[in-house]
Each structure stands twice: as structure tokens, then as C-alpha cells.
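In what follows, every heavy atom counts, from backbone to side chain, and hydrogens, waters and symmetry copies are set aside.
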Amino acid sequence: MNKLQKLFLWIYLFAASSLLLSCTAGPTTVESDAASESPEEVPITQSTTTETAITPAERVVALTSLSADLTATLDADRLVGIPGSRLVAQDSRFADIPTVSEGRTEPDLEEIIELQPDLVVGAKGFHDKALERLSELDIPVLTAEIDSWESLRSFTTELATRLEADASPLIDRYEACLASPPTEETSALVLVSRQPILAPNKNSWAGDFLAQLNVQNLAADLQGESEFDGYVTLSAEKVLEADPDSIFIVDTGEDLLGQLKGEPFWSQLKATQTGNVFSFDYFGLVNPGSLASIEETCAQLKG
């Protein structure tokens with residue numbers, strides 16, 4: 001998880017405390033039901049293990065909603081611990097599985113150890129300390145960072161190998177999701193916050209998602225002063241200069257669209273004048289989150 005995603009989470013949690021399970025996004029946003037949100041909910045790029053030899057895993061603790069979903073899909077019987085997350089809480093498959101983390105708190109190492117896992121899966125940049133400590137205790141760990149479809153495929157394949165499972169059904173779902181992209185390329189900007197105005201470039205999950213489905217991301221090749229990997233800061237003038245066919249607003253519960261409508265430049269954009277402004281959930285577009293959220297975003301981008 002990079003700094004931007006951490007910030008999304010912190011802001012979500014802040015909003016939750018003031019709005020009773022409301023949420024946020026971007027550098028000042030995180031998402032609905034954030035009080036139960038887990039840091040996992042953030043884009044992930046490649047996966048690595050602390051071991052050179054691969055040992056089959058029989059008992060898996062997942063610290064991210066995506067890794068919990070993938071593990072349950074590959075072999076549900078091996079999942080023994082899950083994160084506290086809106087996406088996980090909504091899934092009946094996880095109803096009787098112990099929760100080892102909640103919100104922005106560190107995973108409960110004692111509880112994890114009591115579950116006697118032979119694999120713990122976490123997010124790079126957020127679970128580093130916990131995974132390092134578990135590794136010191138000779139508990140195998142798998143660290144994931146996903147910012148592209150290729151990294152999602154690689155992570156899925158590696159996890160399946162550790163579970164001695166067949167990754168091909170999941171890979172087939174990914175391919176089906178990306179199949180038959182729109183033939184007519186349109187331009188778009190994805191906006192995740194207002195102060196500052198942030199948009200993903202090509203080095204992000206969202207940026208790669210747009211490219212895969214033939215959407216021209218007008219921020220794809222931009223570089224800037226933003227400290228968040230894969231995201232750039234845009235001025236109002238830059239947004240006006242780009243003037244995209246469509247604008248995608250990341251919905252995290254802070255009414256980003258309402259905020260942007262109050263900006264002087266907003267009504268001058270082609271997308272706002274033609275009604276091509278669309279709201280997307282944080283999970284799926286900014287952060288993979290789960291198989292369902294990924295597939296829902298695919299369908300929305302194709303539609």
C-alpha cells in the first residue's frame with residue numbers, strides 16, 4: 001500500500017468517526033463503512049515471499065480483503081483468519097472465520113499466532129512490520145502490491161501455487177472481464193480528491209485499468225510533485241486544458257462531485273456540459289478490493 005492509499009484509509013476512518021460509518025477518498029478521502037475498513041483495501045503491484053523454497057500452505061491468514069477473497073475462491077478450507085473489512089463483512093463465506101484486524105489498527109499478532117498459520121498474506125507498505133515480526137517467528141509470509149492487471153495475475157498465480165490450487169479459473173475471469181473492450185476510444189480523467197486535485201497516471205491500478213479497456217487516460221503520462229506513487233496533482237488550468245470526454249469521480253462518501261461542482265472551472269468542461277460525469281466506487285477502480293468489485297468496475301467502464 002502506497003502513501004496515497006494509506007491516506008485514503010486514514011481519511012475514511014476520520015469521516016467514519018464523525019458521520020457514523022461514513023467515509024472518504026483521495027488525499028482526504030477513504031470509503032464508506034470505513035470504521036470496519038482494513039488497510040488491505042488498497043492497490044497492490046507484485047508479490048514476494050520471504051522464502052526461497054515454496055511450502056504448501058494449509059492454514060492461511062489473509063490481512064487484505066482481496067487476498068481473503070482469492071484464498072476463499074481457490075480453496076476456502078485453508079482460510080483461517082481474515083481482516084476487518086466492509087467487503088469481507090458483506091460476504092457470507094467469511095461469517096465464521098476469526099477476524100485478526102480492525103480498521104487502522106495493527107493486526108493482532110497474538111491472535112494470528114494462535115491460529116497456527118503456515119502462511120500470512122499482507123499488503124506491502126502497510127503490513128510490513130507485522131509480516132517482518134511473523135517472519136522472525138518462522139511463519140511464512142506473502143507480501144503483495146498490486147498496481148496493474150499483470151501484477152494481479154502474478155499474485156494470483158503465486159497464491160494458487162502456495163495453496164496447491166489451480167489459478168486458471170481466476171485468470172479466465174480476469175480475461176473475461178477485460179474481453180471485448182469498447183472499440184471507440186474516449187478520453188477521461190479520474191479524480192480522487194479536490195484539495196489537491198489528484199488523478200492517477202499510468203503507474204497505478206486505476207491507470208492500468210483504463211488502458212486495458214481502451215479508455216485514454218489524459219493523466220497517463222503526467223509526472224508531478226505529488227508524493228503519492230501513481231498519482232499526480234492537477235491544477236484547475238490543467239484540467240481545463242485536458243478537457244476530457246468523460247470524468248470519473250471516485251465515490252468515498254465525501255461528496256467529491258458536490259465539492260467539484262462548486263469550483264469555477266467545473267461548468268466549463270466538455271464532460272460536465274454533456275453529462276459525461278460518472279461516479280465509481282473506491283473499490284474496483286482505485287483499489288482492487290475483491291473479485292466482485294473488479295468485475296463491477298469492468299462492467300461499468302464497458303457500459
Side-chain angles (χ1 to χ4, degrees), residues 2 4 25-26 43-45 146-154 156 170-194 196-224 226 228-252 256-257 260-261 263 265-289 291-303:
N2 62 31
L4 174 63
I44 310 180
T45 323
I146 299 172
D147 61 4
S148 69
W149 279 84
E150 184 54 40
S151 61
L152 175 62
R153 294 186 189 95
S154 297
T156 301
L170 283 174
I171 302 300
D172 289 345
R173 285 178 67 173
Y174 301 159
E175 298 311 314
C177 187
L178 298 177
S180 305
T183 55
E184 182 178 348
E185 184 179 69
T186 60
S187 64
L189 278 178
V190 177
L191 302 182
V192 301
S193 69
R194 181 176 69 91
I197 300 173
L198 280 180
N201 62 21
K202 63 184 178 183
N203 301 317
S204 65
W205 169 256
D208 190 63
F209 212 147
L210 297 184
Q212 295 289 336
L213 290 180
N214 203 31
V215 178
Q216 181 189 8
N217 177 14
L218 297 182
D221 296 316
L222 296 181
Q223 301 296 326
S226 172
F228 309 119
D229 294 341
Y231 287 77
V232 294
T233 301
L234 301 178
S235 63
E237 292 74 22
K238 197 69 176 180
V239 175
L240 281 170
E241 180 185 333
D243 201 18
D245 297 323
S246 299
I247 294 176
F248 301 154
I249 303 296
V250 176
D251 179 13
T252 59
L256 177 58
L257 178 57
L260 289 169
K261 284 181 177 179
E263 295 291 338
F265 71 85
W266 189 249
S267 62
Q268 303 176 50
L269 295 167
K270 175 171 54 181
T272 61
Q273 294 170 357
T274 58
N276 288 323
V277 178
F278 306 97
S279 180
F280 283 78
D281 196 282
Y282 168 79
F283 292 117
L285 187 58
V286 170
N287 175 332
L291 291 167
S293 58
I294 292 171
E295 290 171 337
E296 288 168 9
T297 301
C298 269
Q300 190 175 359
L301 287 172
K302 289 181 180 180

Full working for side-chain contact (heavy atoms from CB on, under 4.5 Å) between Thr252 and Val286: CA-CA 11 Å; Thr252 59; Val286 170; over 6 Å; no
Could you go through residues 179-189 and list every donor-acceptor pair under 3.5 Å that involves a side-chain atom there, pairing it with any protein atom two or more places apart or in another chain?
| unit_1 | atom_1 | unit_2 | atom_2 | d |
| --- | --- | --- | --- | --- |
| Ser187 | OG | Asp245 | N | 2.9 |
| Ser187 | OG | Asp245 | OD2 | 3.1 |

Spacing of CG belonging to Leu291 relative to CD belonging to Glu296, to within rounding of 0.5 Å: 11.0 Å
Asp208/Asp147 under side-chain contact (heavy atoms from CB on, under 4.5 Å): CA gap, chis, key distance, verdict: CA-CA 8 Å; Asp208 190 63; Asp147 61 4; over 6 Å; no
Nearest-0.5 Å distance that lies between atom OG1 in Thr297 and atom CZ in Phe248: 11.0 Å
Leu191 vs Val250 side-chain heavy atoms within contact, under 4.5 Å: no
Separation of Thr272 OG1 from Leu260 CG (nearest 0.5 Å): 10.5 Å
Donor-acceptor contact below 3.5 Å, side chain Asn217 vs main chain Pro200: yes
Backbone N/O of Asn203 and side chain of Ser148: donor-acceptor pair under 3.5 Å: no
Under 3.5 Å: donor-acceptor pair, side chain of Gln216, backbone of Pro244: no
From CA spacing to verdict: side-chain contact (heavy atoms from CB on, under 4.5 Å), Glu175, Arg153: CA-CA 10 Å; Glu175 298 311 314; Arg153 294 186 189 95; 2.8 Å; yes
Partners meeting ring pair (Phe, Tyr, Trp, His ring centres under 6.0 Å) with Phe209 (sequence neighbours left out): Trp149, Trp205
Closest non-hydrogen atom pair, Gly230 against Ser204: O-CB, 3.5 Å
Counterpart residues, salt bridge (charged side-chain N to carboxylate O under 4.0 Å, His left out), relative to Asp243 (two or more places apart): none
Heavy-atom side-chain proximity of Leu240 to Leu269 below 4.5 angstrom: yes
Least distance between heavy atoms, Ile249 atom then Leu257 atom: CG2-N, 4.0 Å
From OG1 (Thr156) to OH (Tyr174), nearest 0.5 Å: 2.5 Å
Check: Thr233 main-chain N/O paired with Lys238 side-chain donor or acceptor under 3.5 Å: no
Point-to-point distance, once rounded to the nearest 0.5 Å, from CG of Leu218 to CG of Asn201: 12.5 Å
Glu295 CD to Leu178 CG distance, which is reported to the nearest 0.5 Å: 10.5 Å
